[in-house]
Amino acid sequence: MTEFDVLATGPLTVLCDLGRPGYATVGVSPSGAADRGAYRLGQRLLGQSYDAAALEVTLGGLSVRSSGLVWVALTGAETGATVDGRPVAAGAPFVLQPGQLLRLGRPRAGLRTYLSVRGGFGVPAVLGSRSTDLLSGLGPPPVRRGDRLPIGPVPAELAFAPVDFAVTAPARPEPTELATGPGPRLDWFADPTQLTRTRWTVSSDSNRVGVRLQGTALRRDPAHLGELPSEPLVRGAIQVPPSGQPVVFLADHPVTGGYPVIGVLTPEATDLIAQARPGDLVGFRFRA
Amino acid sequence: MTLPLRLLPCGTGGVLVEITEPDPDRALRAVLALAAAVRRDPLAGDLVDLVPAARTLLLTARPGVAPDRLRQRVVALADRLDPGDPTPPQRTVTIEVEYGGWDLAEVADLTGLSRSEVIHAHTATPWQVAFGGFAPGFAYLIGGDPRLAVPRRTEPRTRVPQGAVGLAGRFSGVYPRESPGGWQVLGVSDVVLWNPDAVPPALLSPGTQVRFRAVSVSRTR
């Protein structure tokens, strides 16, 4: 069986797929890849279905040595990766030969890089998913130096026609524009256009649970200053605590929350903000 | 009769149903009745998730299901329900508790009951699972003796053991694993609420009836 010997992980490397939808009633976050689109692209490049486990690498820094021949693909934030010191292209499948060392640098833009392998990582599934859930504490723990990650059997058939190369969007203009729909408690705010007029800075206090933003505090409508009984949350929800500084929930979000939600990002916009780094500027626009 | 409700937007494919009935107990019962009605309806097959909370119910549609269909169907189901309708319990789980120590004396002070009256009040009336959240396997229980409504601890504990049985507001609950927490703890049980290898993984789900049984009174901790 082919394995990856983990020599370095960078700040945080976790296992991911599309998570555990459908268990919110019993308190389980959806979890899974923070940037769903980048994860999916990785699987398409390798011709396999969206249930193979990949690695989600935050701010680069991962080094792995493969014990066997394996097809891999890098998507998401571009890290200037090398194989045995030679640069390899992201967004295209390539082969690691037995003993070869794949090393990810630090991304110049973006935050999360997806390392997908043909066959997927063969870690045990919990509730149908191999994702690390940092909030619920389910699934495999974060990857550590010295881990040996098994690679699963290569499926006999391709789920997608093989793709040689994926054309991905060029570097994003700043600030990133995030398309949002109205949230359930939009009417709790004095002036909803305050959300769209403000340039928000991504806080360093952000993680897979949520992205904290800093800017001019959002004010509540005087008629809605009371407490909100906890209500269900979704990925992409923009929740506004009493400080007026919003939090955008990502994959490992709590299933319920007690503060009003002013808007909900589209799935694509949630992928975009999952790639925002501390200090990046973001803006919101309500979609028509 | 019909349930008074509002439909609120909640992302692509999501609808948040808010019960506008002002009384919190009646609102929660209405949420549970509507959740049970959705579960019995063919609409359930179109959903990724159905999440009840205190006065809201989230429905998340599978990709490709028209949000309008979701809205129309949930309104049609609510039209047939009454906020006073009791939801029949689906099954009963008995949880054995070693009452004593922790916040039992504090709860007795807050309620004006003796410690043994607190234990009797907690065990005599069956509870019902309203909704989950907070941690995998945790269930908010309602419908117990109304005299047991107490505020949370002013200082949350940094460590509450697995199996701790507590009160907060009008809810009771059992900690599925060791965690920080602010509930008033009456005692400890050895019930396993959460096993990710089991089907279903959670012992308690909305609609389950829970009876607590005192097994012995431990020494004051």
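All values derive from a computational prediction rather than experimental measurement. Letters A, B, ... are given to chains in the order of the sequence lines, protein chains preceding strands, and every chain is numbered from 1.
Put simply, of B:Leu57, B:Leu193, B:Leu58, the one with the most heavy-atom pairs under 4.5 Å next to chain A is B:Leu58. When each of B:Gly132, B:Ala54, B:Cys10 is checked for heavy-atom pairs under 4.5 Å with chain A, B:Cys10 comes out on top. Per-residue counts of heavy-atom pairs under 4.5 Å with chain B were compared for A:Pro232, A:Ala237, A:Ala24, A:Gly236; the largest is that of A:Pro232. Between chain A and the residues B:Gly137, B:Ala135, B:Pro176, the largest count of heavy-atom pairs under 4.5 Å involves B:Ala135. Residue with the most contacts toward chain B among A:Pro254, A:Gly183, A:Pro30, A:Gly181: A:Gly183 (heavy-atom pairs, distance under 4.5 Å).
For B:Leu50, the part sitting under 4.5 Å from any heavy atom of chain A is the backbone (N, CA, C, O) and nothing else. Heavy atoms of A:Leu233 lying under 4.5 Å from chain B belong exclusively to its backbone. Neither the backbone nor the side chain of B:Leu47 comes within contact range of chain A; no heavy atoms are under 4.5 Å apart. Looking at B:Pro136, both its backbone and its side chain come within 4.5 Å of chain A, counting heavy atoms on both sides. A:Pro182 touches chain B through backbone and side chain together, each having a heavy atom under 4.5 Å away.
Nearest approach of B:Gly11 to A:Val264, heavy atoms of both residues: CA-CG1, 3.5 Å. Annotation for B:Pro196 and A:Val126: closest pair CB-CG1, 3.6 Å, computed over non-hydrogen atoms. Residue B:Ala202 comes nearest to A:Val26 through the heavy atom pair CB-CG1, 3.4 Å, listed as atom of the first residue, atom of the second, then distance.
More than 12 heavy atoms of other residues, nucleotides or ligands sit less than 6.0 Å from atom CZ of A:Arg197.
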Between chain B and chain A, which donor-acceptor pairs sit under 3.5 Å apart?
residue: A:Ala24; atom: N; partner: B:Asp49; partner atom: OD2; Å: 3.2
residue: A:Thr25; atom: OG1; partner: B:Leu50; partner atom: O; Å: 2.8
residue: A:Val26; atom: O; partner: B:Gly137; partner atom: N; Å: 2.9
residue: A:Ser136; atom: O; partner: B:Arg177; partner atom: NH1; Å: 2.6
residue: A:Arg185; atom: NH1; partner: B:Glu18; partner atom: OE1; Å: 3.3
residue: A:Arg185; atom: NH1; partner: B:Glu18; partner atom: OE2; Å: 3.1
residue: A:Arg185; atom: NH2; partner: B:Glu18; partner atom: OE2; Å: 3.1

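With sequence neighbours excluded, the residues that form a side chain to side chain contact (heavy atoms under 4.5 Å, CB included) with B:Ala130 are B:Leu28, B:Leu32, B:Ile142.
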